[in-house]
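This report concerns only the one structure given below.
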Amino acid sequence: QVQLVESGGGLVQPGGSLRLSCAASGLILDYYAVGWFRQAPGKEREGVSCISSLDGSTYYADSVNRFTISRDNAKNTVYLQMNSLKPEDTAVYYCATQGPHCSEYPGDFASWGQGTQVTVSS
């Protein structure tokens, strides 16, 4: 059974940093593209970042050039390092997997975690 578990969210002040983790069981993350998405109240889920399985290519939404996605294959985990956080980054963050190629569209991803809340506020 495939399971993705996000962690690392929390309350942080503007300008602060968080590192989100997406730990997988039931599949080898290195074989899949892993995307991070977020959903703020009243808004649609949007793509934040993605790392492909083929060559490790990474992709970011224009609004998050402060973020870095990475893999630790030994831990079967993908991370999202978020720096210089802004109030508009407040959302529930989800990780998801699909085939080897990245996509910005949530509908292309088959397996999802339960999400972790990130709140940026003073």
Side-chain angles (χ1 to χ4, degrees):
Q1 181 178 357
V2 174
Q3 187 174 20
L4 301 176
V5 179
E6 302 95 336
S7 61
L11 173 63
V12 63
Q13 293 186 342
S17 297
L18 286 173
R19 188 178 77 159
L20 305 184
S21 299
C22 173
S25 59
L27 81 167
I28 299 174
L29 274 183
D30 193 32
Y31 294 168
Y32 297 87
V34 179
W36 282 99
F37 296 82
R38 67 185 180 187
Q39 189 165 18
K43 295 187 177 181
E44 293 186 355
R45 192 168 297 187
E46 64 173 353
V48 174
S49 183
C50 186
I51 184 166
S52 76
S53 72
L54 298 176
D55 58 3
S57 297
T58 57
Y59 303 89
Y60 300 93
D62 291 341
S63 60
V64 296
N65 56 0
R66 302 159 283 116
F67 295 1
T68 303
I69 191 170
S70 62
R71 293 181 184 268
D72 185 335
N73 292 332
K75 296 183 178 180
N76 208 27
T77 299
V78 169
Y79 301 101
L80 185 69
Q81 177 69 43
M82 306 188 297
N83 298 327
S84 302
L85 284 162
K86 304 176 181 180
E88 51 263 44
D89 294 318
T90 295
V92 178
Y93 283 71
Y94 301 88
C95 65
T97 62
Q98 67 145 359
H101 302 288
C102 278
S103 171
E104 65 180 297
Y105 302 109
D108 289 338
F109 288 75
S111 299
W112 290 82
Q114 82 290 347
T116 185
Q117 176 70 47
V118 171
T119 303
V120 185
S121 175
S122 55

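In this structure, the separation between OG on S70 and CD1 on I51 is 6.5 Å, given to the nearest 0.5 Å. Going from atom OG1 of T58 over to atom CD1 of I69 covers 7.5 Å, rounded to the nearest 0.5 Å. The structure places OG1 of T68 at 5.0 Å from OH of Y60, a figure rounded to the nearest 0.5 Å. Rounding to the nearest 0.5 Å places CG of L20 at 11.0 Å from CZ of R38.
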- [ ] Please step through side chain to side chain contact (heavy atoms under 4.5 Å, CB included) for the pair S49 and M82, ending with a clear verdict.
- [x] CA-CA 11 Å; S49 183; M82 306 188 297; over 6 Å; no
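L29 and Y59 end up in different hydrophobic clusters when Ile, Leu, Val, Met, Phe, Trp and Tyr side chains are linked at under 4.5 Å. The hydrophobic clustering, which links ILVMFWY residues whose side-chain heavy atoms are closer than 4.5 Å, places V34 and L54 apart.
Across D108 and Q98, no two heavy atoms sit closer than the pair O-OE1, 3.0 Å. The minimum heavy-atom distance linking V12 with G16 is given by the pair CG2-CA, 3.7 Å. Looking at every heavy atom in both residues, A61 comes nearest to G47 through CB-O, 3.5 Å. When all heavy atoms of S111 and V2 are compared, the pair lying nearest together is OG-CG1, 3.8 Å. Contact record, S17 with N83: OG-OD1, 3.0 Å, taken as the closest heavy-atom pair. Counting all heavy atoms, side chain and backbone alike, P14 lies closest to S121 at CD-C, 3.6 Å.
S52 places no side-chain N or O within 3.5 Å of a backbone atom of A33 that could act as its donor or acceptor partner. In this structure, the side chain of Q114 engages the main chain of E6 through a donor-acceptor pair within 3.5 Å. The backbone N or O of V120 lies less than 3.5 Å from a partner atom in the side chain of T90, making a donor-acceptor pair. A side-chain donor-acceptor contact under 3.5 Å links T116 to the backbone of G9. Remark: side-chain polar atoms of S103 are paired, donor with acceptor, to backbone N or O of Y105 under 3.5 angstrom. Distance alone, capped at 3.5 Å, places no donor-acceptor pair between the Y32 side chain and the H101 backbone. Between the side chain of N76 and the backbone N or O of L27, at least one donor-acceptor pair lies under 3.5 Å.
You'll find the side chain of L85 reaches within 4.5 Å of the side chain of F67, heavy atoms only.
With sequence neighbours excluded, no residue forms a salt bridge (charged side-chain N to carboxylate O under 4.0 Å, His left out) with E104. In this structure R66 satisfies the salt bridge (charged side-chain N to carboxylate O under 4.0 Å, His left out) test together with D89, sequence neighbours excluded.
Counting side-chain heavy-atom gaps under 4.5 Å among Ile, Leu, Val, Met, Phe, Trp and Tyr, the cluster of F109 also holds F37, V92, Y94, W112.
Counting non-hydrogen atoms of other residues, nucleotides and ligands closer than 6.0 Å to CD of E44 gives a total of 12 or fewer.
A cation-pi contact links R19 to Y79, judged by a cut-off of 6.0 Å to the six-membered ring centre and 45° from its axis.
There is no side-chain donor-acceptor pair under 3.5 Å between T77 and D72.
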